[in-house]
Amino acid sequence: DQFRILTISEKYNDYARQIANQLSAADIRGEIDDRAEKIGRKIFDAQAAKIPFMLIIGEKEEAEGMVSVRQSGQGDQGAGDLGAMKVDAFIEYFQGLL
């Protein structure tokens, strides 16, 4: 998998599916982690699975039509927060890395 969408709560699962469909249409592979776990646990699990990108979705992201992007393997801490961006901007960023 190239990404994992992490939802803050189950309220954002529909938005997560919309994002996953957009990424799939751009040939970016991934899945949604919609477990009833705290976000810290979901991030930890995604890092342990060596998922390159975590897309975090909560109330603010859904309201603004964005995703908060976290990239694994950046810097000494093991992950880098790339901030919030539109899905199209993430797709462009991702494809620019290829």
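Nothing fancy with the numbering, it's 1 onward along the sequence. Since we're looking at a predicted model, the values are computed, not measured.
- In this structure, CD on E59 lies 10.5 Å from CD on E64, to the nearest 0.5 angstrom.
- M66 and I8 end up in different hydrophobic clusters when Ile, Leu, Val, Met, Phe, Trp and Tyr side chains are linked at under 4.5 Å.
- Under the 4.5 Å side-chain heavy-atom criterion for Ile, Leu, Val, Met, Phe, Trp and Tyr, I51 and I56 are members of distinct hydrophobic clusters.
- The only option from I39, V67, I43, D33 that meets the side chain to side chain contact (heavy atoms under 4.5 Å, CB included) definition with M54 turns out to be I43.
- Note: M85 CE to L55 CG = 9.0 Å, rounded to the nearest 0.5 Å.
- Distance check, rounded to the nearest 0.5 Å: CD1 of I28 to CD of Q22 gives 10.0 Å.
- Here F53 and F90 bring their ring centres to under 6.0 angstrom of each other.
- Of all heavy-atom pairs between A46 and R4, the closest is CA-NH1, 3.7 Å.
- For the pair D45 and R35, the salt-bridge criterion is met [side-chain N within less than 4.0 Å of a carboxylate O].
- The structure places CD1 of I5 at 9.0 Å from OH of Y15, a figure rounded to the nearest 0.5 Å.
- Scanning all heavy atoms of the two residues, the minimum distance from A20 to I32 falls at CB-CD1, 4.0 Å.
- Within a 6.0 Å sphere centred on CD of Q95, other residues, nucleotides and ligands contribute more than 12 heavy atoms.
- In this structure a side-chain-to-backbone donor-acceptor pair under 3.5 Å is missing from Q47 to F44.
- Cluster annotation: Y93 is connected to F3 through the hydrophobic network of ILVMFWY side chains, with a link wherever side-chain heavy atoms come within less than 4.5 Å.
- Of all heavy-atom pairs spanning K42 and T7, the tightest one is NZ-O, 2.7 Å.
- In this structure, A26 and I91 approach most closely via the heavy-atom pair CB-CG2, 3.8 Å.
- The line from CZ of R17 to CD1 of I57 is 10.5 Å long, rounded to the nearest 0.5 Å.
- In this structure, Q71 CD and L97 CG are separated by 6.5 Å, a value rounded to the nearest 0.5 Å.
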